[in-house]
Amino acid sequence: MSTHRIAVIAGDGIGREVMPEGLRVLAAAADRFDLDLQFTTIDWANCDYYLQHGEMMPADWFEQLKGFDALYFGAAGWPDKVPDHISLWGSLLKFRRGFDQYVNLRPVRLMPGVPCPLANRKVGDIDFYVVRENTEGEYSAVGGRMFEGTERETVVQESIFTRKGVDRILKYAFDLAQRRPKKHLTSATKSNGMAISMPYWDERVEAMAASYPEVRCDKYHIDILCARFVLSPERFDVVVASNLFGDILSDLGPACAGTIGIAPSANLNPERDFPSLFEPVHGSAPDIYGRNIANPIGMIWSGAMMLDFLGQGDAAHGAAHDAILRAIERVLVDGPLTPDMGGAASTSDVGLAIVDAL
Ligand code: NAD
Ligand code: IPM
Ligand code: MN
């Protein structure tokens, strides 16, 4: 039995409330499937740490974390204490970039028991992946302000698209589409308005598509793609997008499938040179923090994705992943549910019920 060393980084806000439920379910799964998970709590990468130290993380954060097998992350950000660009560029975005987690894999699935805000949709109708580029693109710190305070005040924010960065995310997405029954890939573009980066993205998609003759490939501008997510989500299978477009699509998709409170994500370094990071799609939700009503399912499902990735196809890990998913489905059908899903249960009620269902 191999040991997995996991750094637990709860972060801010409801990250701290959903994390204990994620750990509770992982501990139960480890017990049942005989997995050896060793958790180490990290008490930095949060805004209170910033207020005390003037930084979100210690200077040697990379050295401290690089030897872990995975990072299990809650959420960061508390805009009333620290501006968001400081807290997020000081924590989560450093992890993604420093550990070269260039794939952000975000499943979008209409789950049993979850009322769909779109009419006449049933389980199975919405079941796709957003594959988001996670280390470059529109998220960049290149640029700056000029002529500040004058009438010529000018702000420049560059986007960066490298051949290596674009090709590796496209390859991951095509490989995923190739393994799925529908073998269908959709690329998000905006080559009508963004005249340099997006035509390049399209060109690389076409080049990659030539190596995957079995994959049906289409592309949509991001504006109409958003409309199609709402009007006909059943048409999607694997959706590949740049960093910003992927961010937007991965909140829109889960909203179309009921709630962002259950949406998971895996920030992957597929080569396993560095730890990958598993976190819910949602943020720190200051508006509900402190009431023990946050939905822990996004955190718990992300834990299942972590086991799957750590196991690399090993049967016990795969079984643990599947069992957590079945337990989540059971609780979504029978309850208890948190208020975002129309229930009155607490965060811990849901965590405990998922452990019971396991
Ligand atoms: P958010 O996801 O935190 O919240 C958006 C809305 O969804 C809020 O009304 C919130 O109450 C609700 N919500 C979110 N998660 C929920 C859950 N598990 N259960 C029930 N309701 C839930 O997004 P925001 O308000 O834009 O951001 C708040 C802070 O979180 C900001 O600092 C932002 O930068 C940060 N953020 C961090 C991450 C991350 O760490 N990965 C992701 C998104 C936002
Ligand atoms: C996400 C979040 C982050 C992102 C923010 C908090 C920087 O919205 O993980 O989706 O934009 O990537
Ligand atoms: Mn987001």
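Whatever order the structure lists ligands and atoms in, that order sets their numbers, starting from 1.
Under a 4.0 angstrom heavy-atom cut-off, Gly298 registers as lying outside contact with ligand 1. Under a 4.0 angstrom heavy-atom cut-off, Leu88 registers as being in contact with ligand 1. In this structure, His282 falls outside the shell of residues with a heavy atom less than 4.0 angstrom from ligand 2. Assignment of His85 to the shell around ligand 2 is not supported, since no heavy atom sits closer than 4.0 Å.
For atom 1 (C) of ligand 2, the closest non-hydrogen atom on the protein side is Arg106 NH2, 3.4 Å. Atom 8 (C) of ligand 1 has Asp287 OD2, 3.3 Å as its closest protein atom, hydrogens excluded (heavy atom only). The protein non-hydrogen atom at the shortest distance from atom 7 (O) of ligand 1 is Ile260 CD1, 3.9 Å. For atom 28 (C) of ligand 1, the nearest non-hydrogen atom of the protein is Pro286 CD, 3.6 Å. Given atom 2 (C) of ligand 2, the protein heavy atom at minimum distance is Asp247 OD1, 4.0 Å. Of the protein's non-hydrogen atoms, the one nearest atom 14 (C) of ligand 1 is His282 CB, 3.7 Å. In this structure, atom 41 (N) of ligand 1 lies nearest to the protein heavy atom Glu279 OE1, 2.9 Å. Looking only at protein heavy atoms, the nearest one to atom 37 (C) of ligand 1 is Ala76 O, 3.1 Å. The nearest protein atom to atom 34 (O) of ligand 1, hydrogens excluded, is given as Asp84 OD2, 2.9 Å; this is a heavy-atom distance.
Taking every heavy atom of both residues into account, Ile86 and Met56 meet most closely at O-CG, 4.1 Å. When all heavy atoms of Val239 and Phe128 are compared, the pair lying nearest together is CG2-CD1, 4.1 Å. Contact detail for Ser284 and Ala75: the closest heavy-atom pair is N-CB, 3.6 Å.
For atom 21 (N) of ligand 1, the nearest non-hydrogen atom from the set Thr338, Ile288, Asn295 belongs to Ile288. Closest heavy-atom approach to atom 4 (O) of ligand 1 among the candidates Pro79, Ser91, Ala285: Ala285. One option in Gly283, Ala263, Ser284 has a heavy atom closer to atom 29 (C) of ligand 1 than any other, and that option is Ser284.
Note that atom 19 (N) of ligand 1 has protein non-hydrogen atoms nearby, at separations under 4.0 angstrom. Inside a 4.0 Å radius of atom 26 (O) of ligand 1 there is not any protein heavy atom. Within a 4.0 Å radius of atom 10 (C) of ligand 1, the protein has at least one heavy atom. Within the 4.0 angstrom cut-off, atom 44 (C) of ligand 1 has one or more protein heavy-atom neighbours.
When non-hydrogen atoms are compared, ligand 2 lies under 4.0 Å from the side chain of Arg96 (C-beta onward) but not from its backbone. With a 4.0 Å cut-off on non-hydrogen atoms, Glu138 does not touch ligand 2 at all.
Atoms CD1 and NZ, from Ile224 and Lys190 in turn, are 10.0 Å apart once rounded to the nearest 0.5 Å. Atom-to-atom distance recorded for Leu93:CG and Thr135:OG1 is 11.0 Å, nearest 0.5 angstrom. A distance of 5.5 Å separates CD in Glu206 from NZ in Lys219, rounded to the nearest 0.5 Å. Considering OH of Tyr200 and CZ of Phe161, their distance stands at 10.5 Å, rounded to 0.5 Å. With rounding to the nearest 0.5 Å, the separation of CD in Glu133 from CD1 in Ile169 is 6.0 Å. In this structure, CG in Asn295 is found 8.0 Å from OG1 in Thr347, a value given to the nearest 0.5 Å.
By the 4.5 Å heavy-atom criterion applied to side chains, Pro296 and Arg24 are not counted as neighbours. Under the 4.5 Å side-chain criterion, counting only non-hydrogen atoms from C-beta, Met19 is in contact with Val8.
For an aromatic pair to be called close, the ring centres must be under 6.0 Å apart, and Tyr220 with Phe229 fails this.
Looking at ligand 1, you won't find any N or O of Val18 less than 3.5 Å from one of its N or O atoms. The N/O atoms of Asn104, backbone and side chain alike, include none that comes under 3.5 Å of an N/O atom in ligand 2. Considering both main-chain and side-chain atoms, Arg96 never comes within under 3.5 Å of ligand 1 through any nitrogen or oxygen pair.
The aromatic rings of Tyr212 and Phe174 sit parallel, their planes meeting at an angle under 30°, below the 60° perpendicular limit.
Within ligand 1, the atoms closer than 4.0 Å to a non-hydrogen atom of Val281 are 42 (C), numbered from 1 in the order shown. Listed by number with element, the atoms of ligand 1 under 4.0 angstrom from any heavy atom of Ala294 are 19 (N). Within ligand 1, the atoms closer than 4.0 Å to a non-hydrogen atom of Leu92 are 39 (C), 40 (O), 41 (N), numbered from 1 in the order shown. The ligand atoms of ligand 1 that sit less than 4.0 angstrom from a heavy atom of Ala75 are 40 (O). Proximity to Tyr139 (heavy-atom distance under 4.0 Å) selects the following atoms of ligand 2: 4 (C), 11 (O), 12 (O). For ligand 1 and Phe73, the ligand atoms under 4.0 Å from any heavy atom of the residue are 40 (O). Residue-ligand proximity, Ile14 to ligand 1, at heavy-atom distances under 4.0 Å covers atoms 15 (N), 16 (C), 17 (C), 18 (N). The ligand atoms of ligand 1 that sit less than 4.0 angstrom from a heavy atom of Gly77 are 32 (O). Within ligand 2, counting atoms from 1 as listed, the ones closer than 4.0 Å to a heavy atom of Leu88 are 6 (C), 7 (C).
Side chains of Thr186 and Asp218: a donor on one and an acceptor on the other come within 3.5 Å. Judged purely by distance below 3.5 Å, without hydrogens or angles, the side chains of Thr189 and Trp201 never pair a donor atom with an acceptor atom. Counted by atom type alone, Asn46 and Asp12 present zero donor-acceptor pairs between their side chains at under 3.5 Å.
Look at Asp322 and Arg326 and you find no salt bridge, because none of the NZ, NE, NH1 or NH2 atoms lies under 4.0 Å from a carboxylate O. Ion pairing between Asp69 and Arg5 fails under the 4.0 Å rule for side-chain N and carboxylate O. In this structure, Arg330 pairs ionically with Asp334, as a charged nitrogen and a carboxylate oxygen lie closer than 4.0 Å.
Within 6.0 Å of atom NZ in Lys183, more than 12 heavy atoms from other residues, nucleotides or ligands are found, so the atom counts as buried in its surroundings.
Within the coordination shell of the Mn ion (ligand 3), defined by N, O or S atoms under 2.8 Å, Asp247 is present.
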